[in-house]
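The next block holds one structure in the form of structure tokens; read it before the comments.
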Amino acid sequence: MTDEREQGTIRVGVLGAGGRMGAEVCKAVDGAADMKLVATVDQGDALSELTDAGAQVVVDFTTPDVVMDNLRWCVDHGVHAVVGTTGFTEQRLDQVRGWLAGKPGLGVVIAPNFGIGAVLMMQFATRAARYFESVEIIEQHHPRKLDAPSGTATHTARLIAAARAEAGLGPVPDATADEVPGARGADLDGVRVHAVRATGLVAHQEVLFGTTGETLTIRHDSYDRVSFMPGVLLAVRAVRSRPGLTLALDPLLD
Ligand SMILES: NC(=O)C1=CN([C@@H]2O[C@H](COP(=O)(O)OP(=O)(O)OC[C@H]3O[C@@H](n4cnc5c(N)ncnc54)[C@H](O)[C@@H]3O)[C@@H](O)[C@H]2O)C=CC1
Ligand SMILES: O=C(O)C1=N[C@H](C(=O)O)C[C@H](O)C1
């Protein structure tokens, strides 16, 4: 163990290792020359397996109902964390910041989407937001997904709403007066989000902008979970030198 640390190998533990994403992360870490997969933990396993194995960085792809307990445990035990699990409200993020305030030197990266293309899709959408009076988000996922709307759509809506507010745009025009509940999607910070679930899909999102005489559609598709792996490995490599909370992958790409 000491030898590997001296040689700069990052000792990685995976939480949710038996899941769709967790299994893919285990493969990616195994295949990375500068990392060693030292612990694979899933529901029912003891978190102490992570520290027993000397994990320096833990990657969490579990579920929104358990991720806060996992993260608290990592912070308490001085283990850096890279988190892809969804469900991070502003309140949750503040809680994590609070835990980290007492742990100088410890890093946590929480990213709603580790796909590089998805990060760019969100950046392009944020840039376009100020120029269009209308905007709606359509996210599409596999039907085994537990949460709706997706973490990516929620994050995108927040970014777009902030850009619209900064540009002084008012509410998105919508004359709907008679609605079957849900027909207009969920309202996230004034942005309508529609969640589609269908067998065959993996993870997809369209941001549809409209103004007089034109529309702009920005679309990203993940056809395979391997698409998230370069972003996950990037975060594992970066997290130990980024104390505090890093939200989303953008600062790591820059
Ligand atoms: N940020 C990103 O780029 C991405 C995020 N996700 C998110 O990652 C999460 C997981 O997605 P999937 O892998 O598709 O789900 P999944 O259901 O296939 O995997 C979740 C795994 O976590 C395990 N688990 C549950 N409770 C646990 C606990 N207390 N300790 C350890 N393991 C536990 C489950 O047994 C399961 O194996 C979701 O929130 C999803 O939205 C998914 C894809 C990409
Ligand atoms: O559950 C998934 O599959 C995904 N979850 C994340 C989300 O909710 O945005 C990221 C990606 O969309 C895949």
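Both ligands and their constituent atoms are indexed starting at 1 by order of listing. Because only heavy atoms are used, hydrogens play no part in the values below, and waters and symmetry mates are left out as well, while side chains stay in.
Polar contact with ligand 1: absent for Pro64 (N/O pair, distance under 3.5 Å). Considering backbone and side-chain atoms alike, Gly19 places an N or O below 3.5 Å from some N or O of ligand 1. Between Arg225 and ligand 1, not a single N/O pair is under 3.5 Å apart. The shortest N or O to N or O distance between Arg225 and ligand 2 is not below 3.5 Å. Geometrically, ligand 1 and Val41 share no nitrogen or oxygen pair separated by less than 3.5 Å. For ligand 1, the polar-atom distance check against Gly22 finds no nitrogen or oxygen pair separated by under 3.5 Å. Inclusion of Gly84 in the set of residues having an N or O under 3.5 Å from an N or O of ligand 1 is warranted. For a threshold of 3.5 Å applied to N or O pairs, the pair formed by Gln43 and ligand 1 contains at least one separation below that value. Annotation: Thr152 places an N or O atom under 3.5 Å from an N or O atom of ligand 2; distance criterion only. Annotation: Leu15 places no N or O atom under 3.5 Å from an N or O atom of ligand 1; distance criterion only. In terms of polar-atom proximity, Ala203 is not counted as a contact of ligand 2, lacking any N or O under 3.5 Å from an N or O of the ligand.
Of all atoms in ligand 2, numbered sequentially from 1 with element shown, those under 4.0 Å from a heavy atom of Ser150 are 7 (C), 8 (O), 9 (O). Within the listing of ligand 1, atoms 13 (O), 42 (C), 43 (C), 44 (C) sit less than 4.0 angstrom from a heavy atom of Met21. Remark: ligand 2 atoms within the under-4.0 Å shell around heavy atoms of Asn113 are 10 (C), 11 (C), 12 (O). The contact set between ligand 2 and His142, taken as ligand atoms under 4.0 Å from a residue heavy atom, comprises 1 (O), 2 (C), 3 (O). Atoms of ligand 1 found under 4.0 Å from any heavy atom of Ala111, numbered from 1 in the order shown, are 1 (N). Taking a cut-off of under 4.0 Å to the non-hydrogen atoms of Thr86, the atoms of ligand 2 that pass are 6 (C), 7 (C), 8 (O).
Dense packing is recorded around CZ of Arg184, with more than 12 heavy atoms of other residues, nucleotides or ligands lying under 6.0 Å away.
With respect to Glu139 and Lys145, no salt bridge is recorded, no charged nitrogen being found less than 4.0 Å from a carboxylate O. Ionic pairing of Arg225 and Glu24 is not present here: no N-O contact between side-chain nitrogen and carboxylate oxygen is shorter than 4.0 angstrom. The residues Arg219 and Asp221 are annotated as salt-bridged, a charged nitrogen and a carboxylate oxygen being separated by less than 4.0 angstrom.
With atom 38 (C) of ligand 1 as the reference point, the heavy atom nearest to it among Val119, Thr86, Asp60 is part of Thr86. For atom 7 (C) of ligand 2, the choice among Ala153, Gly151, Pro64, Gly19 with the nearest heavy atom turns out to be Gly151.
Within the structure, ligand 1 has Lys145 among the residues with a heavy atom less than 4.0 angstrom away. Not a single heavy atom of Gln205 lies less than 4.0 angstrom from ligand 2.
If you look at Pro112 next to ligand 2, the close heavy atoms, those under 4.0 Å, all belong to the backbone. With a 4.0 Å heavy-atom cut-off, ligand 2 is reached by the side chain of His141 but not by its N, CA, C or O. Contacts between Ser150 and ligand 1, counted as non-hydrogen atom pairs separated by less than 4.0 Å, are absent for every part of the residue.
Considering only non-hydrogen protein atoms, atom 26 (N) of ligand 1 sits nearest to Val66 CG2, 3.7 Å. Of all protein heavy atoms, the one closest to atom 2 (C) of ligand 1 is Pro112 O, 3.6 Å. Ranking the protein heavy atoms by distance from atom 35 (O) of ligand 1 puts Asp42 OD1, 2.5 Å first. Among protein heavy atoms, the minimum distance from atom 10 (C) of ligand 1 is reached at Thr62 O, 3.1 Å. With hydrogens left out, the protein atom closest to atom 16 (P) of ligand 1 is Arg20 NH2, 3.6 Å, a heavy atom.
The hydrophobic clustering, which links ILVMFWY residues whose side-chain heavy atoms are closer than 4.5 Å, places Val108 and Trp73 apart.
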ring-ring contact (aromatic ring centres under 6.0 Å, His included) between Phe209 and Phe132, intermediate numbers included: CA-CA 6 Å; Phe209 292 101; Phe132 293 87; 5.4 Å; yes

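Of the inter-residue distances, the one linking Phe228 atom CZ with Leu249 atom CG reads 11.5 Å to the nearest 0.5 angstrom.
Ring geometry for Tyr223 versus His204: interplanar angle over 60°, hence perpendicular rather than tilted (30 to 60°).
The salt bridge (charged side-chain N to carboxylate O under 4.0 Å, His left out) test applied to Asp76 returns Arg72, not counting sequence neighbours. Qualifying side-chain contact (heavy atoms from CB on, under 4.5 Å) partners for Thr62, counting only residues two or more places apart in sequence or in other chains: Leu15, Asp60, Val66, Val67, Asn70, Thr85.
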